[in-house]
There are 2 protein chains.
Amino acid sequence: MVDDRFAIWFWQDMPEPLDDVFAALADPTRRAILAMLLEDDMAVTDVAEPFEMSLAAISKHLVILTRAGLISQEKRGRVKWCKLEPDSLRAASVWMQGFGQFEPVNLDAFERFLETELGEDAQPDS
Amino acid sequence: MVDDRFAIWFWQDMPEPLDDVFAALADPTRRAILAMLLEDDMAVTDVAEPFEMSLAAISKHLVILTRAGLISQEKRGRVKWCKLEPDSLRAASVWMQGFGQFEPVNLDAFERFLETELGEDAQPDS
DNA sequence: GGCATATTCAACCAAATGGTTGACGATCGT
DNA sequence: ACGATCGTCAACCATTTGGTTGAATATGCC
């Protein structure tokens with residue numbers, strides 16, 4: 001059994017991209033944006049169109065989604081295209097599945113698993 | 001194809017428990033708490049012990065986790081026991097899998113982990 | 001060049017978040 | 001009944017968040 005201090009260190013003090021991913025997902029506007037991008041890549045202006053808020057606000061949301069790695073933005077000409085990046089959802093999904101599936105299981109092995117799993121394709125953070 | 005306004009209504013304006021779940025998961029302290037509860041049910045004081053913050057702060061975190069449905073709290077005597085409630089995590093997980101083409105987590109490694117973990121051989125690599 | 005379009009920047013604001021401390025009501029042990 | 005323990009409440013504080021507006025920076029079009 002892993003002692004709590006190790007667990008705290010591991011789960012809390014590691015440079016956690018999960019903070020950004022979950023924080024990004026916590027906002028309904030941003031989830032709606034992701035849902036829209038599921039259909040197709042979109043320009044910033046088009047992303048903003050159906051919302052009742054300023055373009056600048058949407059632009060900020062897109063920055064947050066980008067920092068979380070959930071989307072990428074590529075500027076072509078004067079329009080910036082937004083593209084869903086499902087890979088970073090993977091880390092979060094892995095983390096969550098850990099809780100869904102193994103209630104009573106060995107945390108040590110789970111930690112080792114996560115370590116290798118999340119370390120594998122560590123994103124070249126912006 | 002669903003038009004965007006419907007999508008916005010659906011994803012953004014529904015009474016979304018996902019807001020609370022993801023917001024709860026966005027904090028590393030709260031994720032650490034969940035990880036601890038993965039091992040066993042715990043009293044509030046024991047949850048707080050390994051952290052370098054006040055009991056009141058942990059108590060607040062537990063309220064947030066409870067509101068999100070991620071844990072439940074039952075008071076027995078003077079101690080309040082905290083229990084992981086993986087079901088609401090599953091809801092969030094389902095949402096992410098709704099992003100779907102990206103597979104319910106295409107985790108070969110996860111499968112292998114499950115096998116070794118749930119099987120007899122609990123030492124996958126030395 | 002000159003104008004429209006696309007996007008971000010900067011300053012500002014209100015509200016929410018995450019923490020503190022100290023007081024407080026319950027409950028246990030003796 | 002008394003004191004210690006468990007946990008929350010209330011007030012406070014600093015920082016972050018999510019939004020606004022108006023100006024600024026590209027870029028495309030004629």
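Every chain is numbered from 1, with letters handed out A, B, ... down the list of sequences.
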If you look at every heavy atom in [X] and [Y], which pair is closest and at what distance?
| X | Y | result |
| --- | --- | --- |
| B:L65 | B:I33 | CD1-CG2, 3.8 Å |
| A:S72 | A:E85 | OG-OE2, 3.0 Å |
| A:C82 | A:Q73 | SG-NE2, 3.7 Å |

Find the distance [X]:[atom1] to [N]:[atom2] and express it as a whole number of Å.
| X | N | atom1 | atom2 | value |
| --- | --- | --- | --- | --- |
| B:I58 | C:dT21 | CD1 | C1' | 16 Å |
| A:E74 | D:dT27 | CD | C1' | 15 Å |
| B:L25 | C:dT17 | CG | C1' | 16 Å |
| A:D19 | C:dT17 | CG | C1' | 14 Å |
| B:L62 | D:dT8 | CG | P | 7 Å |
| A:K75 | D:dA26 | NZ | P | 7 Å |
| B:F51 | C:dG18 | CZ | P | 14 Å |
| B:H61 | D:dT8 | NE2 | C1' | 15 Å |

Given [options], identify the nucleotide with an atom nearest to the side chain of [X].
| X | options | answer |
| --- | --- | --- |
| B:L55 | D:dT21, C:dG18, D:dG7 | D:dG7 |
| B:S54 | C:dT20, C:dT7, D:dG18 | C:dT20 |
| B:M53 | D:dG22, C:dG19, D:dG19 | C:dG19 |
| B:V44 | D:dG7, C:dA6, C:dT8 | D:dG7 |

Item to complete: Identify whether any heavy atom of A:A23 sits under 4.0 Å from a base atom; if not, whether one sits that close to sugar-phosphate; answer base, sugar-phosphate or nothing.
Response: nothing
Worksheet item: When you match A:G77 and A:I64 each to their closest nucleotide on DNA chain D, which lands nearer the 5' end?
Response: A:I64
Worksheet, complete the sentence: On DNA chain D, more 5' by nearest nucleotide between A:R78 and A:E52 is A:E52
Worksheet entry | Base of C:dG19 paired with side chain of B:K60 (donor-acceptor, under 3.5 Å) | yes
Item to complete: Using only side-chain N and O atoms of B:R30, determine if any of them is under 4.0 Å from OP1 or OP2 of C:dG18.
Response: yes
Discussion item. Using OP1 and OP2 only, check whether a side-chain N or O of A:S59 sits under 4.0 Å from C:dT8.
Written reply: yes
Worksheet item: So do B:L70 and B:L84 actually touch side chain to side chain, heavy atoms under 4.5 Å?
Response: no
Worksheet item: Hey, quick one: are B:L37 and B:I64 part of the same hydrophobic cluster, counting side-chain heavy atoms closer than 4.5 Å, chains of contacts allowed?
Response: no
Discussion item. Here's a test of your reading of the structure: between B:R67 and B:A57, which maps to the more 5' nucleotide of DNA chain C?
Written reply: B:R67
